[in-house]
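Scroll down for the structure; my scribbles are underneath it.
Indexing begins at 1, ligand by ligand and atom by atom, following the structure's order. The analysis underlying the following values was restricted to heavy atoms, covering all of them including side chains, and did not include hydrogens, waters or symmetry mates.
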Amino acid sequence: MTEGLEYTGFVEDGGTPDEDELVCEFYLKHVDSVEFDWASGAVAAESSIGTWDPSLTTMRDGIREMGARVVEMDTDAGDGRNDGVARIAYPTELFEPGSIPQILSSVAGNIFGLSEVVNLRLKDVVFPSELVESFAGPALGIGTIRSRVDAEDRPVVGTIVKPKLGLRPDEHAEVAYEGWVGGLDVVKDDENLADMSFNGFDDRVEATLEAKREAEEETGEQKLYFPNITASGDEMKKRADVVLQNGGDYVMVDILTAGWGALHEIRDYVGDDVGIHGHRAGHAAFTRLPYHGVSMLAVAKFARLCGVDNLHAGAVVGKMEGGRDEVVEIYDFLRSDRGIKTTIPVASGGLHPGVVGDVVDILGSETVVQAGGGVHGHPDGTRAGGRAMREAAESAGEGVSVEERAEESEALATALEKWGTE
Ligand SMILES: O=C(COP(=O)(O)O)[C@H](O)[C@H](O)COP(=O)(O)O
Ligand SMILES: [Mg+2]
C-alpha cells in the first residue's frame, strides 16, 4: 500500500499538465498557520480525490494517480500576504463527460469553504478537447444569428421590454411591435419576467409572436423574440413548446438562477434549430470580487459548453460593472474556434444610441447590443428609440460617427440630445 497523501503530496511544482487534463487557475489566500503549498494542495485534494485524512487517498492502487496536481505556484502574483496564484491539473477521468454540474461540484464546490483558505477565486478553466466534445455547445453560431436578421455588417440591435414587470400581454406585444418597426432586430423579455398573474407566459408569447409577424410584414425584415422561459426544467420544456407552437425560434434562460442542470435539459430538449439567449442575472454575486468567487470568463466557458447561443458578457460602458480587459477576453473566447459553435456576446446595461459606437469600437460588431431604458426612454417613444439604435448600429458598422449620422436622422439626433454620447 502506498503512503497516504498529505495535502502537500498533491503538489508537483514545476510539473506540466498532460494535454488531456483539465487545468484550473485559482487566486488563493490562506491563513497564517499554513503555507501556500499546503493550501494549494488542500484545494487540489478536496476538488479531486482527497480529504483531510491522508490515509483515505490510498484505499487501493490506482486511486492516488487520479489525484489533481498543483503544477504551478506563483506567490508573487498576489498582495504578498499569504496569497498567490496556483494552477491545478486534473486527470479527465475525474469528470463526468457532458456534465457542468459535476465539474463545478469538483472545481467550484467545497474548496471555497476550506477553513485554511481565506479567499479563493476560480479565474480560468481550460478544458481538454476530449471533454469539450462531450458537450452540445451552441446550436446556431454567430454567423447564423447575424444572417438571420441581415446584420452581417453591423451589430445586432435589440431592446428589453420595459417596465421590467407590470405590463399586460397585449401592452408587452405593443411595445415589442414598436421596437421592431422602429428598426430593432431583437426584442427580449426582462430577466425577472416569467409567468405572472398580470402577464401570463402563454398569452404574452402568443401576442408578441403575432406582433413580430406583423412587424416583419411591415418592415420586410426578419425579427427575433427571446421569451423568458426560466422555470424548473420540466416547466421550461412546456414553455418552449408554447414558443414553438406559436412559431417562435428562440428562448431565453436566466442560466444561473435556473441552474446548469436545467440548462443542459433545455438545450437537449429544443435541439439544433432553436436559439437559446443566456441571461446571467446573479453572476455578480460571485464574479465581481477580484479575490473571491468564480470569474465571468469561467462562467462564459461553462455557458458556451452547455450551449447558449447568446450570452450577456459585459459592455464596458453603461451601468453594469466589468473591466475592459476582462470583458474583451470573454468576448474573444465566445467568438473563438473551440471545436463547438460560437456564442454571440451580448452588451447590455445602461446603454443608449449615443454609446453604440463606443461599444463597437471596444468590443466589435459580432455583438448583440441591447438597450431598455435607452430605447423606451426616447423623447418620441419606443419606435423612435428603436430607430435611433438602428441608425447608431448602422453607422458603427460603416465606421461613421453617431454625430455625423445624426445629421440625417431625427430620431438619432433627439436621442443624442437627451443622452449625449457618454
Ligand atoms: O435589462 C437589462 C438592461 O436594461 P437597461 O438597458 O434599461 O439598462 C439587462 O438585464 C441588464 O443590464 C443585464 O446586464 P448584463 O448584460 O451586464 O448582465
Ligand atoms: Mg434586464
Restricting to N, O or S atoms, which atom of Asp190 is closest to the Mg ion (ligand 2)?
OD1

Below 4.0 angstrom from a heavy atom of Gly373, which ligand 1 atoms are there? Numbered from 1 as shown, please.
5 (P), 6 (O), 7 (O)

Nearest non-hydrogen protein atom, atom 11 (C) of ligand 1:
Ser348 OG, 3.9 Å

Ion pair Arg148/Asp249, N-O distance below 4.0 Å:
yes

Can you name the atoms of ligand 1, numbered from 1 with element, that are less than 4.0 Å from a heavy atom of Asp190?
1 (O), 10 (O)

Measure up the Phe226 and Tyr250 rings against each other and bin them: parallel (under 30°), tilted (30 to 60°), perpendicular (over 60°).
tilted

Looking only at atom types and distance, does a side-chain atom of His277 sit under 3.5 Å from a main-chain N or O of Val253, one as donor and one as acceptor?
no

Please determine whether any non-hydrogen atom of His352 lies less than 4.0 Å from an atom of ligand 1.
no

Which protein non-hydrogen atom lies closest to atom 16 (O) of ligand 1, naming both residue and atom, and how far is it?
His312 ND1, 2.7 Å

Atom 6 (O) of ligand 1: nearest protein contact (heavy atom, Å)
Gly372 N, 2.7 Å

Step by step, work out the salt bridge (Lys or Arg N to Asp or Glu O under 4.0 Å) result for Glu191 and Arg280.
CA-CA 9 Å; Glu191 69 280 353; Arg280 59 177 185 168; over 6 Å; no

Can you classify the ring geometry of His312 versus His279 as parallel (below 30°), tilted (30 to 60°) or perpendicular (above 60°)?
tilted

One finds that the ligand 1 atoms under 4.0 Å from a non-hydrogen atom of Gly350 are 5 (P), 6 (O), 8 (O)

Please work out which of Gly349, Ala315, Ala281, Ala313 has its closest non-hydrogen atom nearest to atom 12 (O) of ligand 1.
Gly349

Below the 3.5 angstrom mark, is there an N/O of His279, backbone or side chain, next to an N/O of ligand 1?
yes

Give me the residue, atom name and distance of the protein heavy atom closest to atom 14 (O) of ligand 1.
Met320 CG, 3.6 Å

Can you tell me how far the CG atom of Asp124 sits from the CZ atom of Arg87, to the nearest 0.5 Å?
9.5 Å

Going by the order shown, which atoms of ligand 1 are within less than 4.0 Å of some heavy atom of Ala371?
6 (O)

Distance-minimising heavy-atom pair for His30 and Ala39
CB-CB, 3.7 Å

Which residue supplies the protein heavy atom nearest to atom 18 (O) of ligand 1, what is that atom called, and how far is it?
Arg280 NE, 2.9 Å

Would you name the N/O/S atom of Glu191 that lies closest to the Mg ion (ligand 2)?
OE1

Intermediate values then yes/no, ring-ring contact (aromatic ring centres under 6.0 Å, His included), Phe95 and Tyr90
CA-CA 9 Å; Phe95 304 116; Tyr90 296 80; 5.8 Å; yes

Salt bridge or not for Glu216 and Arg213, using N-O below 4.0 Å?
no

Is the gap between the ring centers of Tyr291 and Tyr27 under 6.0 Å?
no

Could you tell me whether some N/O pair between Lys162 and ligand 1 is separated by less than 3.5 angstrom?
yes

Is there a heavy atom of Lys164 sitting under 4.0 angstrom from any atom of ligand 1?
no

